[in-house]
Amino acid sequence: MMATIRVGLLGYGGLGQAAARMLAVKKQMILVAAADSKGYAYHPEGLDAARLSLAVSRHGSVGYDPAVGVPADAPIQALLEQQVPADGYFLALPNLPNTFMASVARTFITSGWRGVLVDAIKRTSAVEQLLTLAPDLQRAGITYVTGCGATPGLLTAAAALAAQSFSEVLSVQITFGVGIANWEAYRSTVREDIAHLEGYSVERARAMSDAQVSELLDRTGGLLTLEKMEHADDILLELAGICGRERVSVGGVVDTRNPQKPLSTNVRVTGRTFEGKTSTHTFTLGDETSMAANVCGPALGYLKAGIEMHRRGHHGIWSSAELMPRFVG
Ligand code: IKT
């Protein structure tokens, strides 16, 4: 049996906090480190997720946890200097700016730390940056699995599995429905979503004040309708040999004022069978599952898969379309 996996979380916003809550009910993993933009906290015997959330809501950072928090200017670097015995990190960070995740990967590479990194990155161009780091990750003894959230992630893996019935994949259509009770619970994720809207960019969305985000959401009735998104499912399915990236499309609706999903999240994989028939497999997520469950669950599942790869000496970069996530009990 695999030893308990010691996990670190980078980012303690909506997704980071959800991952910590999820870890609290897992037996095979333990949360030993967390960092956000203003500080870090670690304890080899385990961190208290609820107390960290309290530090964030009261003082704006896990670095203000009264027992184990440390405020810091460069928290990731400072955390890594503590030589925390973490087997892997979930990078639950917003990729704002679009080069941020690659810069975090470089920080790990130069730190001398060896282990597993998983991200829930979304944009094709962000994955392209990470792929250039493959030789450095390999030399550093890091196993990096990219695109491990809901999409890319769970739905990309489902598409790769569905493709097996076909001799040619004609299209992969990913459509998501996300419902959240209030946008402030996912400030960065919502900005990343806004960046996909016509007339916006990552930089413009990142620079928006909370008041500007609220004004935009007032104009749209709280809905963000996203079409033809720049989404890494395309490059990941292409690299995994499933189909050309031009055959992959991603879009959906985010309701920022209602926890109910506005539509059922699904991936439709259309292909031709060896008998010459055209057919579609559809994989639909349960409407009661939240974005947090569908992002953090797969991220931890891929982290477990990455740990197995790392223990076998496989270092470098892989994607959610190339590996099966392992269930974390
Ligand atoms: C994105 O960020 O690109 C899309 C994200 C989609 C999450 C899908 C979750 C599906 C589900 O829970 O049913 C999100 C809108 N940011």
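Order of appearance sets the numbers: ligands from 1, and atoms from 1 within every ligand. Since the structure is predicted, the reported quantities are computational estimates derived from the model, not experimental observations. Note that these values count all heavy atoms, side chains included, but never hydrogens, waters or copies made by symmetry.
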Q: Suppose we call two aromatic rings close when their centres sit under 6.0 Å apart. Are Phe108 and Tyr89 close by that rule?
A: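 Distance test on ring centres: under 6.0 Å, yes.
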Q: For the side chain to side chain contact (heavy atoms under 4.5 Å, CB included) test, which of Thr124, Ile242, Val127 pairs with Leu236?
A: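 Testing Leu236 for a side chain to side chain contact (heavy atoms under 4.5 Å, CB included) against Thr124, Ile242, Val127 leaves exactly one candidate, Val127.
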Q: Would Thr289 count as a polar contact of ligand 1, with the cut-off being nitrogen or oxygen pairs under 3.5 Å?
A: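 No, no N or O pair falls under 3.5 Å.
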Q: Provide, to 0.1 Å, the distance between atom 1 (C) of ligand 1 and the closest protein heavy atom, together with that atom's residue and name.
A: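 Checked against all protein heavy atoms, atom 1 (C) of ligand 1 sits closest to His231 NE2, 3.5 Å.
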Q: In a check of salt bridge (charged side-chain N to carboxylate O under 4.0 Å, His left out) between Asp65 and each of Arg58, Arg51, Lys38, which one passes?
A: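 Only one option passes, and that is Arg51.
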Q: Do Arg191 and Trp183 touch side chain to side chain, with heavy atoms closer than 4.5 Å?
A: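 Yes, at least one pair of side-chain atoms sits under 4.5 Å.
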Q: Quick one: does Gly149 get within less than 4.0 Å of ligand 1, heavy atoms only?
A: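 False for this residue.
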Q: If I take atom CZ from residue Arg245 and atom CD from residue Glu238, how far apart are they, to the nearest 0.5 angstrom?
A: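 So the CZ of Arg245 and the CD of Glu238 are separated by 4.5 Å.
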Q: With heavy atoms only and a cut-off of under 4.0 Å, state how Met229 meets ligand 1: side chain, backbone, both or neither.
A: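 Near ligand 1, Met229 shows its side chain, while the N, CA, C and O stay back.
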Q: Answer yes if the side chains of Gln77 and Ser111 hold a donor-acceptor pair under 3.5 Å, and no otherwise.
A: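 Absent: no donor and acceptor within the cut-off.
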Q: Among protein heavy atoms, which sits nearest to atom 10 (C) of ligand 1, and what does the distance come to when rounded to 0.1 Å?
A: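 Result for atom 10 (C) of ligand 1: Thr265 OG1, 3.4 Å.
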Q: Check each of Arg206, Arg123, Glu192 against Asn98 using the side chain to side chain contact (heavy atoms under 4.5 Å, CB included) test, and report the only one that passes.
A: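 Of Arg206, Arg123, Glu192, side chain to side chain contact (heavy atoms under 4.5 Å, CB included) with Asn98 is met by Arg123 alone.
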Q: Does any N or O of ligand 1 fall below 3.5 Å from an N or O anywhere on Asn294, backbone included?
A: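 Yes - when backbone and side-chain N and O of Asn294 are compared with those of ligand 1, one distance drops under 3.5 Å.
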Q: Which residue supplies the protein heavy atom nearest to atom 7 (C) of ligand 1, what is that atom called, and how far is it?
A: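 I find the closest protein heavy atom is Val178 CG2, 3.8 Å.
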Q: Of all the non-hydrogen atoms in the protein, which one sits nearest to atom 16 (N) of ligand 1, and at what distance?
A: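 Looking at atom 16 (N) of ligand 1, the protein heavy atom closest to it is Asp193 OD1, 2.9 Å.
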Q: One residue to check: Ser290. Relative to ligand 1, which of side chain, backbone, both or neither has a non-hydrogen atom less than 4.0 Å away?
A: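 The part of Ser290 near ligand 1 is the backbone, not the side chain.
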Q: Do you see a donor-acceptor pair shorter than 3.5 Å between the side chains of Glu203 and Ser201?
A: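 No - no donor-acceptor pair under 3.5 Å links their side chains.
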Q: Is at least one protein non-hydrogen atom found at under 4.0 angstrom from atom 14 (C) of ligand 1?
A: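 It does: a protein heavy atom is found less than 4.0 Å away from atom 14 (C) of ligand 1.
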Q: Considering the heavy atoms of Lys261, write down every atom of ligand 1 situated less than 4.0 Å from one of them.
A: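 Reading through ligand 1 atom by atom, the close ones are 11 (C), 12 (O), 13 (O).
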Q: Take Glu198 and Arg204, measure what salt bridge (charged side-chain N to carboxylate O under 4.0 Å, His left out) needs, and give me the verdict at the end.
A: CA-CA 12 Å; Glu198 187 75 34; Arg204 185 172 170 203; over 6 Å; no
Q: What part of Met291, side chain, backbone, both or neither, has a heavy atom within less than 4.0 angstrom of ligand 1?
A: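 Both the backbone and the side chain of Met291 come within reach of ligand 1.
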Q: With a 6.0 Å cut-off on ring centres, are His315 and Tyr144 close enough?
A: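 Aromatic pair excluded; centres sit 6.0 Å or further apart.
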Q: Students should be able to answer this: which protein heavy-atom is nearest to atom 2 (O) of ligand 1, and at what distance?
A: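 The closest heavy atom on the protein side is Lys122 CE, 3.0 Å.
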Q: Please confirm whether Thr151 comes within less than 3.5 Å of ligand 1 when only nitrogen or oxygen atoms on both sides are compared.
A: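 No: no nitrogen or oxygen of Thr151 is under 3.5 Å from one in ligand 1.
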Q: Please confirm whether Glu192 comes under 4.0 Å of ligand 1, counting heavy atoms of the residue only.
A: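 Contact absent.
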